[in-house]
Amino acid sequence: METIYQLIAGWFAGKPEWLPLAIAIAVPILFIVGVYPAIFAYTTLVERKALGRVQNRYGPNRVGRWGILQPLADGLKLLTKEDIVPRDADKFTHFLAPVIAVIPSVLLFAIVPIAPGLVPVNLNIGILFAFAISTASVLALFMGGWASRNKFSLLGAMRAVAQVVSYEVPMVLAAVAVVMAAGSLSTLDIVKAQTRGGLEIAGWFVFQPWGFVGFVLFAIGAMAESARTPFDIPEAESEIIAGYHTEYSGFKFALFQLGEYLAAIAMAGITVTMFLGGYLGPGIHIPYIGGFIAAFWFFLKLGCMILLNIWIRGTWPRVRVDQLMGFAWKVLLPMSILNIAVVGLWHFMGNKVLAWGVTAAILGLAFVILAKISAAGNIEKRTYRYAN
Amino acid sequence: MIQQISPIPTGMIETQTIEVSIGPQHPSTHGVFRMDAVLDGETVVGLKPVMGYLHRNHEQLAERMTWLASIPYTDRLDYFNSMTNNWALCLSVEKLAGIKVPERAEYIRVIVSELTRILNHSCVIGFMLQDLGAWGTPLLYAFREREKILDLFESLSGARMMCNYMRFGGVRVDMTDAMVAQAKDIVAKFPRFLDEFEQLLSNNEVLLARCQKVGILPKELAINASISGPMARASGVDYDIRKVDKYGVYGRFDFRVPLGEVGDVYDRYYIRVLEMRESIKILNQALRDLPAGAFVAPEVKLRNFKIPPGDGYGRVEAPKGELGFYLVSDEGGKMPYRYHCRPPSFINLTTLEDMCLGHKVADVVIILGSVDIVLGEVDR
Amino acid sequence: MAYDEGLKSELQKSGIFVLPFEQLYNWGRKNSIWPLQFGLACCAIEMIASAASRYDLARFGAEVFRATPRQADLMIVAGTVTKKMLPQVVRLFNQMPEPKYVIAMGACAISGGPFKDGYNVLKGVDRFIPVDVHIPGCPPRPEALIHAIMTLQRKIAGQTLGQDQRWYEKSATTEFPIPAFGAHDLEPPANREVWQPPRNYTDVTIAEVLKK
Amino acid sequence: MIEQLRETIAQAVPGVTLEIIQSTPAAQQPALLVDRDHAFATAKFLKENQQLDFCSCVTGVDYPKLGQIEVVYHLYSVAKKTGPVVLKVRAPRELEQCRVPSLTPLWRGCEFQEREAYDLFGVKFDGHPDLRRILMWDEFTDHPMRKDYVPPKDYEWEPTPHDDTLTRAVEVAGIIPPSAREELEKAKKK
């Protein structure tokens, strides 16, 4: 916002003072409202096609070339569907829930930088803002599930609350490690802190032992937070029909989907920002076109994260409620706390090569121990005998 | 003092159970099956199976038509495995009428039945993983393999699913050399698919954590509740009708019967994988030894077919368990006086409640998936 | 809803594409038919097979099998409808949002099929709910189901806004009466508003045919 | 073989009436007909002393000519891998008296099958833990597998292009739609 303001303030020298400000505010808003929903629409298409490829089939390809108009057709149809509100539902809450589901997801994009200096709002508490906002989405899930007066919806709502609240903790702690290393809560500063090395790659936090652990923790947390497979238990289709949005039809259902996907995309964006160097990449310092190259790198990384999401969805079974909670509290939480301590160690060790080895050893050992403890009671190797 | 501040007595928090009707339209009830579940939070504290939503009066219809006319109806019992269903009825009728089946027909029957078993088991595993939430990938892989087997069935009988292939005293049409080559090709390629399938799934942590020690069925209960098929063998019951009765020519083949130890969902999953490998062994032997000769007993007159008065029970090892037919013939002998089908998946549901109690809702669907029911057979 | 075809092609030549709202609406509906994940019997397996790799229903944008009727457009009645199941089928149909379509897949759904003589088998689902496309076969091959979906798409493309559509008549209710379980049969045994027996249906008996 | 078994049971269960019913000549599955009062004791003896631990198949058969309904149990032994031993129990056809002892306490596998026999034949099993209808709905009052059951008249015969084939089928194979059966008989009488 500031960058745009500075850029265009000069052009409007003689005009009223509010005009450049208004434009500077309007452009990011239009960008967020225009570009990210388009990404959502095509994510659904890419997801359907990618799942198709995983399953040896084509996926949508009849509407336009390569099925490129499929999301439009879906959107049009969902817009014109009848809107059903169950007779016993709490009508106001039922109406409000999908709206609330979308708002936090959209707000999340406000702090995701896409090019040097180009972030919709450069908040100096950016990361804090993101977590504060993203937790609000659970409210929508619960409202939707509660207002529907459906037992499956209610079960889904309960699961959603339990899951999102639990995964918030390791996720925030994983982010704390990054904040400690970068020394700032601002997303732009976090990206800047990863600037090192020739091709702008070596400094990414994901290449540090603690950063890698943080990345994995954060990615898992983000997946759970946005209820994606294998953590899609709030809407587990094979168990509780469609979970909290069982009773939603037409555009309200589309809004729920929009909120879910936007949250997943925004979380992917934040993951990219915090661990994968944001917009950093070769060639971002070239004059004039550097900004575009940076945006390209950012969206490329974002796309990779989304594809990773889809890939996992196509291949992994779903975990169970108690296992999900156990995993959050027994594995992720200790790991994330240890990770914070390790970042401190990293910070105070002068020799970075030695520090690399030591921290990697500590984290690896901790992971092995935790995996043993958490899995020992359950998983066993079996051999089978044959009848004589 | 410690006594007073120790955990809140359960009476203080008032909890309520909720009653949820899972089905008849539910993605993981494999058709129109219903479970009336009582839930305490996520935990199942009561569960009653309710069936009959696909009760198509197969038995009564069969009592109104000739013996032969019932064969196409048996296809629609367990609509995955029309071949073994046909065989069960033909075997029972042959037992009652004392018909001897030619060698070649017996071998062809073994070949198509074992192919059916492979088809059924791979699809069942696919469905089970679908219930686990694997978004269709294993299921669609299984269906890809199924199509290859169905191609063979189609060239053999003219229909994909409802083959209507067997006749009293043999099979309807002969298996040509080209079809034998096709079957050999399927059998040769199948182990690779199975390896791929296992690589993807058998050691997946989520699958192991979800399936192990869930829905345990003890051996004694399994026998007492008349559980049969892979489900009983997963509980360690050494009972395979192919070995016990040695019907057809099963006595000549070298194959083993895998047995589970624990009797949980994972065992039921893995026993099926192992059984598929044994089926491939049987198929290899049967295709190698397939003799020449008649494919149907020439002395059997299918037109105006009659059975002397009396009753009898015949059974085969269908992929889902013991499939039997209890037939009563009366004075005329042209039509069955009483025609009863002993469906394995119906009886395997007896212990569903015992297996599900105390588990979570998410486990109920995979336990049901591991029982392997087909509603056409449960309700007939 | 008349529009000038000549004017439309005239404008198209100069690079302006005009589309009646009706066509856009129908285009959206027909290309995004989400079926209800609802299998009754044997035909359901072929329904799954048609979504699997060899036949791939997804090409038509119709692979999104929704488990909840609220989000589905199309009900594929795949298999025998028994009298015990029928109230649930009608209820599910009522729960779907308009516009909604029904495909009766297989002989059983059309007429009772081979099980027509049975005491618990409904002789055709069109006795209770309106059916858009019938597919014969026992079971129909997956190609037949794909053809039915294409037929449905053609049917949707030919519909006009505001006329003859159930969901545009404000007075008409879209709730179909759910039959009750009776002591011997369903009550009533058919929904006469949806289904009328064909002419001479009841007064011709098999005895008369035999006399000929 | 079956004679031997009959002797053993007769010694172990005093007062039991046992009758041997032959199957078809080829099937070689003779059955033991037990009187209702001693059926449970006999079954218990068979389970405990003969190791018949697997009750495979339970079903009813309606004999309007005898005025009786028969319940047939097929017992196998998993431990000894032998069988089947066929146990038959008969009860009068009248709904009030149509009662036999339930064997569910011995073999749980009978649970659903006895419910099915109750649903379709109207046999009441004394001692069954949960005797409800299983296949038909609860409000249903008939027992459709009985030979004298009349199905509801919702089968409306449609004229079809292949009426000739149908006519031939009726004449040759005797396959008649149930609702048309009465009409056909009337027509024949005329």
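Per chain, numbering begins at 1; letters A, B, ... match sequence-line order.
- Rounded to the nearest 0.5 angstrom, Glu42(B) CD and Ile233(A) CD1 are separated by 7.0 Å.
- With a 4.5 angstrom heavy-atom cutoff, Leu274(B) touches chain A only via side-chain atoms.
- When every heavy atom of Gln55(A) is checked against every heavy atom of Tyr141(B), the shortest pair comes out as CA-CE1, 4.1 Å.
- From Ile18(B), atom CD1 reaches atom CZ of Phe152(A) across 9.0 Å, with rounding to the nearest 0.5 Å.
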- Task: Would you check, one step at a time, whether the test side chain to side chain contact (heavy atoms under 4.5 Å, CB included) holds for Arg320(A) with Ile366(B)?
- Result: CA-CA 11 Å; Arg320(A) 203 170 58 207; Ile366(B) 58 164; over 6 Å; no

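- Distance check: Leu132(B) CG to Glu239(A) CD gives 8.5 Å after rounding to the nearest 0.5 Å.
- In this structure, chain B has heavy atoms under 4.5 Å from both the backbone and the side chain of Val54(A).
- Contact of Val214(B) with chain A is made through the side chain alone, with heavy-atom distances under 4.5 Å.
- Both the backbone and the side chain of Val257(B) come within contact range of chain A, judged by heavy atoms closer than 4.5 Å.
- Under the 3.5 Å distance criterion, the side-chain polar atoms of Thr137(B) are left unmatched by any main-chain donor or acceptor of Thr315(A).
- Enclosure of atom CZ in Phe212(A) is not indicated, since only 12 or fewer non-hydrogen atoms of other residues, nucleotides or ligands lie within 6.0 angstrom.
- For Phe143(B), no part sits under 4.5 Å from any heavy atom of chain A, backbone or side chain.
- Using a distance-only test at 3.5 Å, with no hydrogens or angles considered, no donor-acceptor pair links the side chain of Arg385(A) to the main chain of Leu259(B).
- If you tally non-hydrogen atom pairs under 4.5 Å between each of Asp240(B), Val262(B), Ile22(B), Leu139(B) and chain A, the highest count goes to Val262(B).
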- Task: Give the C-alpha distance, both sets of side-chain angles, the deciding distance and a yes or no for side chain to side chain contact (heavy atoms under 4.5 Å, CB included) between Arg318(A) and Val206(B).
- Result: CA-CA 7 Å; Arg318(A) 186 185 300 125; Val206(B) 177; 6.0 Å; no

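- One distance of note links CG of Asp322(A) with CG of Asp363(B); it measures 7.5 Å at 0.5 Å rounding.
- Contact count versus chain A (heavy atoms, under 4.5 Å) is highest, among Lys243(B), Glu19(B), Arg233(B), Gln25(B), for Glu19(B).
- Within the 4.5 angstrom heavy-atom criterion, only backbone atoms of Gln130(B) (N, CA, C, O) approach chain A.
- Within a 6.0 Å radius of OH in Tyr58(A), other residues, nucleotides and ligands contribute 12 heavy atoms or fewer.
- Using a 30° and 60° split on the angle between ring planes, Tyr384(A) and Tyr270(B) fall in the parallel class, below 30°.
- Looking at Gln323(A), its side chain does come within 3.5 Å of a backbone N or O of Ala209(B) through a donor-acceptor pair.
- With a 6.0 Å radius and a threshold of 12 heavy atoms from other residues, nucleotides or ligands, Arg149(A) has its CZ atom at or below the threshold.
- If you measure heavy-atom distances from Arg144(B) to chain A, the contacts under 4.5 Å come from the side chain alone.
- Considering CG of Leu208(B) and CZ of Arg382(A), their distance stands at 9.0 Å, rounded to 0.5 Å.
- Between chain A and the options Ala362(B), Gly260(B), Cys211(B), heavy-atom pairs under 4.5 Å are most frequent for Ala362(B).
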